[in-house]
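Input: a single structure, listed below in structure tokens.
Reckoned from all heavy atoms, side chains included, excluding hydrogens, waters and symmetry mates. Numbering of residues begins at 1 and proceeds along the displayed sequence.
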Amino acid sequence: MSETMTGAEMVVRALQDQGVEHIFGYPGGAVLPIYDALFHQERVKHILVRHEQGAVHAAEGYARSSGKVGVVLVTSGPGATNAVTGLTDALMDSIPLVCLTGQVPTHLIGSDAFQEADTVGITRHCTKHNYLVKRIEDLPRILHEAFYVAANGRPGPVVIDIPKDIQFASGTYVRPSNNRHKTYRPQVQGDAEKIRAAIALMAQAKRPVFYTGGGVINSGPQASALLRELVRLTGFPITSTLMGLGAFPASDRQFLGMLGMHGTYEANLAMHGCDLMINVGARFDDRITGRLDAFSPGSRKIHIDIDASSINKNVKVDIGIVGDCAHVLEDMVRVWRSASPQVDKAALKEWWEKIDGWRGRNCLAYRQSKDTIKPQYAVERLYELTKDRDVYVTTEVGQHQMWAAQFFKFEEPNRWMTSGGLGTMGYGLPAAVGVQLAHPKALVVDIAGEASILMNMQEMSTALQYRLPIKVFILNNEYMGMVRQWQELLHGGRYSESYSAALPDFVKLAEAYGGVGIRCDDPAKLDDAIREMIDTPRPVIFDCIVDKTENCFPMIPSGKAHNEMLLNDVAGDIGSVIDEKGKMLV
């Protein structure tokens, strides 16, 4: 059924037809017609953020935790440019978003009008696709098409730039019967012959390892369930990227922990020493591979990815399977079961014995004192006191992010929201706002650093306005911790601008916003303080004062390979670069 309505009303109707419940935004002159249309309905709830970057991160958290498309509404010019960091973050981490931006009237485009910016040009390289709407007749199709493009294939952000005169213009709204883009047809089914070849390689492997990424989570709960089935069928070890945590249970014996720059000793050495690597939904990011010419040099490689451009882009593979992880894994499980391959059990047993030897080094060990809270201990206690709850975790970016990945154990997908590809400081707090709106009864914790949290601290006001009881758990070491660590290890201890001077009193800051502030610097009182934070039914900023000089290990130094890790020496303050036999390398 068709109706005549304004462009602004079409926007709101399309959001309703797409089942959108929440939209994150900030008003301005170029989008006031849309805000007026929002005012006249109740189905789509607008969440007023305090900065457009915060709007995009909130939509990311909402999308990542719920599996839905996140929606953003910002004005032209500075509204759109403020959203660019969030859009780039979403593109790097494959988060489905639709960002609606206002634009000056079509007859003023190109005239340097007030609050004009070339939004399409600016966002071309930080979005999956973008549109400039020039005709009211095109608006309904573009609105629905954008949701299809954002959510299908490798997910990502889509921008729709809508001039103000298009918002005022009247036209006919018809919900398209087919929302698909006329040329964009992502391949979801994997090539059957390649899948059989992959299973044959897996059956022959003596030192296999699964390497999994965020693509498994983006594919939906079924992909995680099928991954678990395949891993248990094969008996192979499995590791994960930062973005893939939760796709396989962290408590399972077959899970080796996170791999990469701050991954575990056993995960990285398994990747280095394997003879077959099965990459499921990861993109061979540089933080995973380290030095490419030394990356897993003796292995054959299988790569499963819905993005054909990712195959052979960074690492040449033996079998590249383009397809959705859930579909490909379903076929792999079926073929494995029907073939009943005879794996080399003796070789696999020997491989596990080697892995268990690496595990025996206990690479995440640290020494907790009676006087000072170690950041690792803080995350461990937070995990232990929340693991039986319905909990979601976001993070900022830095040392605290890596400690969260190492010590907070995720058993299910979509519980871990962090900025991986772009490494955006200020991500965690607005992301927590989005997660809490998607899961109003859950416990949502942003594990933060005292430097990162200040990047988007204004979103605490959003949390208070909408009565979102998010918890900000700050590991406060009074440094930009990861910068300081690199300066200590690689720049001769010259701490150029990495210390945080004139920090606010976070307890008073929380109270100024109308929330609750808690501070703890005593290990003996930490558990009770965390319990107080959890039980407080309001937004909380928890200022956890931790060891100022603690570094995050293991660490693969820049330009090194997986078997050249810097490990923590719990008996002292230095690490040692060692190979898999324990030999000092540098």
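Within the 3.5 Å criterion, the main-chain N or O of Thr241 finds no donor-acceptor partner in the side chain of Thr212. Between the side chain of Gln167 and the main chain of Ile162, a donor-acceptor pair closer than 3.5 Å is present. A distance-only check finds no donor-acceptor pair linking the side chain of Gln406 to the backbone of Gln376 [under 3.5 Å]. Looking at Asp324, its side chain does come within 3.5 Å of a backbone N or O of Ala326 through a donor-acceptor pair. The backbone N or O of Gln401 sits nowhere less than 3.5 Å from a side-chain atom of Glu396 that would complete a donor-acceptor pair. Lys164 places a side-chain N or O within donor-acceptor distance of the main-chain N or O of Gly29, the cut-off being under 3.5 Å. Judged purely by atom type and a 3.5 angstrom limit, Ser452 uses its side chain to pair as donor or acceptor with the backbone of Val397. Under a 3.5 Å cut-off, the side chain of Arg175 and the backbone N or O of Asp17 do form a donor-acceptor pair. Formation of a donor-acceptor pair under 3.5 Å by the Ser2 side chain with backbone atoms of Val174 is not found in this model. The backbone N or O of Ile122 sits nowhere less than 3.5 Å from a side-chain atom of His125 that would complete a donor-acceptor pair.
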Go through the steps to decide whether Gln399 and Tyr479 satisfy the test side chain to side chain donor-acceptor pair (under 3.5 Å), and finish with yes or no. CA-CA 10 Å; Gln399 286 179 319; Tyr479 277 101; over 6 Å; no
With side chain to side chain contact (heavy atoms under 4.5 Å, CB included) as the criterion, how do Leu48 and Tyr26 come out once you've worked through the C-alpha distance, each side chain's angles and the decisive distance to 0.1 Å? CA-CA 6 Å; Leu48 179 65; Tyr26 201 94; 4.1 Å; yes
When you look at Arg415 and Asp390, which way does the salt bridge (charged side-chain N to carboxylate O under 4.0 Å, His left out) test go after all the steps? CA-CA 9 Å; Arg415 298 291 175 143; Asp390 184 19; 2.5 Å; yes
For a side chain to side chain contact (heavy atoms under 4.5 Å, CB included) check, start with the C-alpha distance between Leu503 and Asn476, then their side-chain angles and the critical distance, and finish with the verdict. CA-CA 10 Å; Leu503 283 171; Asn476 188 346; 4.0 Å; yes
From CA spacing to verdict: side chain to side chain contact (heavy atoms under 4.5 Å, CB included), Arg43, Leu15: CA-CA 9 Å; Arg43 286 172 58 187; Leu15 295 178; over 6 Å; no
Does the pair Gln465 and Arg50 meet the rule for a side chain to side chain contact (heavy atoms under 4.5 Å, CB included), with working shown? CA-CA 11 Å; Gln465 177 178 342; Arg50 302 312 190 253; 2.7 Å; yes
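Atom-to-atom distance recorded for Phe407:CZ and Met402:CE is 12.5 Å, nearest 0.5 angstrom. Annotation: the span from His129 atom NE2 to Ile160 atom CD1 amounts to 9.5 Å, rounded to 0.5 Å. Taken from CZ in Phe248 to CD1 in Ile238, the straight-line distance is 5.5 Å, to the nearest 0.5 Å. Atom CD of residue Gln436 and atom OG of residue Ser65 lie 9.5 Å apart, to the nearest 0.5 angstrom. Annotation: the span from Thr424 atom OG1 to Met92 atom CE amounts to 8.5 Å, rounded to 0.5 Å. Going from atom CG of Leu526 over to atom NZ of Lys374 covers 14.5 Å, rounded to the nearest 0.5 Å.
Here the two rings, on Tyr35 and His46, have centers that are under 6.0 Å apart.
Nearest heavy atoms, Val379 versus Trp403: CG1-O, 3.9 Å. Pairing each heavy atom of Val435 with each of Gly61, the nearest pair is CG2-O, 3.4 Å. Of all non-hydrogen atoms in Ala250 and Lys409, the two that sit nearest each other are CB-CB, 3.8 Å. The two atoms that bring Ile217 and Leu245 nearest to each other are CD1-O, 3.5 Å, heavy atoms only. A pairwise comparison of heavy atoms in Ile95 and Ala63 identifies CG2-CB, 3.9 Å as the closest pair. Taking both residues in full, the closest heavy atoms of Arg228 and Pro413 are given as NH2-CD, 3.8 Å, listed atom of the first, atom of the second, then distance.
Glu459 and Thr462 form a side-chain donor-acceptor contact under 3.5 Å, judged by distance and modelled atom types alone. A donor-acceptor contact closer than 3.5 angstrom is absent between the side chains of Tyr173 and Glu9. Side-chain atoms of Thr395 and Thr418 include a donor-acceptor pair closer than 3.5 Å. A donor and an acceptor atom, one from each side chain of Arg283 and Ser310, are nowhere located under 3.5 Å apart.
Between Val74 and Val31, every side-chain heavy-atom pair lies at or beyond the 4.5 Å cut-off. Counting heavy atoms from C-beta on, the side chains of Leu242 and Trp416 come closer than 4.5 Å. Looking at Leu91 and Leu87, their side chains never come closer than 4.5 Å, going by heavy atoms from C-beta outward. Residues Asp36 and Leu32 are not in side-chain contact: their nearest non-hydrogen atoms beyond the backbone lie 4.5 Å or more apart. Taking 4.5 Å as the limit, some side-chain heavy atom of Cys544 sits within range of a side-chain heavy atom of Ile373. The shortest distance between side-chain heavy atoms of Leu443 and Val445 falls below 4.5 Å. Pro163 places none of its side-chain heavy atoms less than 4.5 Å from the side chain of Pro105. With contacts defined as side-chain heavy-atom distances shorter than 4.5 Å, the pair Glu145/Tyr131 qualifies.
Phe473 and Phe542 have tilted rings, their planes meeting at an angle from 30° to 60° on a 0 to 90° scale.
Atom CZ of Arg287 has 12 or fewer heavy atoms from other residues, nucleotides or ligands within 6.0 Å. Heavy-atom neighbours of Tyr184 OH from other residues, nucleotides or ligands within 6.0 Å: above the threshold of 12.
The residues Lys471 and Asp535 are annotated as not salt-bridged, no charged nitrogen and carboxylate oxygen being separated by less than 4.0 angstrom. Contact check on Arg531 versus Asp528 returns a salt bridge, with a Lys/Arg side-chain nitrogen under 4.0 Å from an Asp/Glu carboxylate oxygen. Contact check on Arg64 versus Glu60 returns no salt bridge, with no Lys/Arg side-chain nitrogen under 4.0 Å from an Asp/Glu carboxylate oxygen.
For the salt bridge (charged side-chain N to carboxylate O under 4.0 Å, His left out) test, residues two or more places apart in sequence or in another chain that qualify with Asp543 are Arg519.
Under the side-chain contact (heavy atoms from CB on, under 4.5 Å) rule, Pro96 has a single partner from Val149, Val69, Val71, which is Val69.
For residues 52-83, the pairs satisfying ring-ring contact (aromatic ring centres under 6.0 Å, His included) are His22-Tyr62, Phe24-Tyr62, His57-Tyr427, with sequence neighbours left out.
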